[in-house]
Amino acid sequence: NSKPKSLRISRDNFLNWIEESISIELTGELPPKSAESIDKRMESLSYNFEDLGEYLERGNKLGLFFIDGLDEIPNLKEFLEIIPDILPKNLRFVLSCTSKNILPVNIRNFINEDQTIVVAPLEISLCEFYCENKFQGKVDFENIQKIAIKSEGHPLYLNYLINYVLSSEISEDEEELKDWIENIPSISGDIENYYNVIWEDIYEDTNKLWICLILSQLRQAVEEENFVNILPNDIRRHYYSVIPKISHLIKNGRLEIYHH
């Protein structure tokens, strides 16, 4: 998505997306741009959902809105207030996040076990196949097997581990690679455990900490040259030695941290 991150995760953008999605489904066209306040638009949205519900009922259809990346939203309670408390019976919102615990209490209380889908771990053989394609011969199969097992079949964790290897020179030193694999932390199926390990490591290095903190506060992705220029002088001196150590946490191309 080419939009700045600050815009992508804004409540206004979320409201725009829902309004546009409903209008396109009902009329085949985008809605006219509204000059009303966000509160007025939210009131109107309830009627829009009713119209959508009637439309779906006539066609004997079920409507689904998929909302991914909720971990990136700073004020999730306010963001999700866009969704009315009462929805038409043939309309659903699917919320995707790393943990149900990040959801506001009022929403969490509405979700029972039958409505919760826990992503099953990938088979280790699939993890091995994926690693082979990503490493392209840089890592031997024995170490690929070990990395796949250490990932616990968690897709996001597996990607972090692969990106770490590809963004560093660790694969060029067999002993260093083996030692790193041996010390890959267990997450017991919960990616938050990995984040905790990452931050413990970052807190031990002032330069890493400053760079990650500044990256996490940026409102949108930036070019590396521009990012280096906004760093304090004493941190800037260490940038090029530090960035390879955290590059697996940063999206490719323009600098933007994966998770805050």
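The structure presented is a predicted model; accordingly, all values stated were derived computationally and were not measured. Computed from heavy atoms alone, side chains included, the values below leave out hydrogens, waters and symmetry copies.
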Around atom CD of Glu123, are there more than 12 heavy atoms of other residues, nucleotides or ligands at under 6.0 Å? no
Would you give the length of the straight line joining atom CD of Glu72 to atom SG of Cys97, rounded to the nearest 0.5 angstrom? 12.0 Å
What closest approach, in Å, do Leu62 and Leu91 show between heavy atoms, and which atom pair accounts for it? CD1-N, 4.1 Å
Is any side-chain heavy atom of Ile22 less than 4.5 Å from a side-chain heavy atom of Leu45? yes
Please report the shortest heavy-atom distance between Asp68 and Ser96, naming the atom on each side. OD1-OG, 3.0 Å
Looking only at atom types and distance, does a side-chain atom of Thr27 sit under 3.5 Å from a main-chain N or O of Ile24, one as donor and one as acceptor? no
Basic-acidic side-chain contact under 4.0 Å: Glu182, Lys178: no
Out of curiosity, Asp205 CG to His238 NE2, how far, rounded to the nearest 0.5 Å? 9.0 Å
Any idea which heavy atoms bring Leu231 and Tyr239 closest together, and the distance? CD1-CD1, 3.7 Å
Nearest-0.5 Å distance, CD1 of residue Ile202 to CG of residue Leu213: 8.0 Å
Distance, nearest 0.5 Å, that separates CG of Leu177 from CD of Glu169: 13.0 Å
What is the ring orientation for Phe14 with Phe93, classed by angle as parallel under 30°, tilted 30 to 60°, or perpendicular over 60°? perpendicular
Give the cluster check for Phe141 versus Leu166: same hydrophobic cluster or not, with ILVMFWY residues linked at side-chain heavy-atom distances below 4.5 Å. yes
Same cluster for Ile149 and Leu161 if Ile/Leu/Val/Met/Phe/Trp/Tyr side chains link at under 4.5 Å? no
Could you give the distance from CE (Met42) to CD (Glu36), rounded to the nearest 0.5 Å? 13.0 Å
Glu43 CD to Asn48 CG distance, which is reported to the nearest 0.5 Å: 12.0 Å
State, to 0.1 Å, how close Glu25 and Leu52 come at their nearest heavy-atom pair, and which atoms those are. CG-CD1, 3.9 Å
Backbone N/O of Asp51 and side chain of Glu54: donor-acceptor pair under 3.5 Å: no
Under 3.5 Å, side chain of Ser167 to main-chain N/O of Asn163, donor-acceptor pair present? yes
Side chain to side chain, Pro104 and Leu80, heavy atoms closer than 4.5 Å: yes
Give a yes or no on whether the backbone of Gly53 and the side-chain of Asn90 come within a donor-acceptor separation of less than 3.5 Å. yes
Would you indicate whether the side-chain heavy atoms of Tyr157 and Pro185 approach each other to under 4.5 Å? yes
If the plane angle is over 60° it's perpendicular, under 30° parallel, otherwise tilted; pick one for Tyr164 and Trp180. parallel
Atom NZ of residue position Lys134 - does it have more than 12 heavy atoms of other residues, nucleotides or ligands inside 6.0 Å? no
Over all atoms of both residues, closest heavy-atom pair of Tyr240 and Ile243: O-CG2, 4.1 Å
Looking only at non-hydrogen atoms, find the nearest pair between Ile144 and Glu128 and report the distance. CG2-O, 3.7 Å
Looking at Phe129, I'd like to know if its CZ atom is crowded, meaning that more than 12 non-hydrogen atoms belonging to other residues, nucleotides or ligands lie closer than 6.0 Å. no
If you count heavy atoms of other groups shown closer than 6.0 angstrom to CG of Leu64, is the number above 12? yes
Examine the side chains of Asn16 and Arg41 and answer whether a donor and an acceptor come within less than 3.5 Å of each other. yes
Are any non-hydrogen side-chain atoms of Leu103 and Phe110 less than 4.5 angstrom apart? no
Backbone N/O of Ile111 and side chain of Lys100: donor-acceptor pair under 3.5 Å: yes
Name the one of Leu158, Leu156, Ile184, Asn159 that satisfies side-chain contact (heavy atoms from CB on, under 4.5 Å) with Ser151? Leu158
For Glu152 and Ile187, indicate whether the former's side chain and the latter's backbone hold a donor-acceptor pair under 3.5 Å. yes
Taking Trp210 as the starting point, is it possible to reach Ile230 by hopping between hydrophobic residues whose side chains are less than 4.5 Å apart? yes
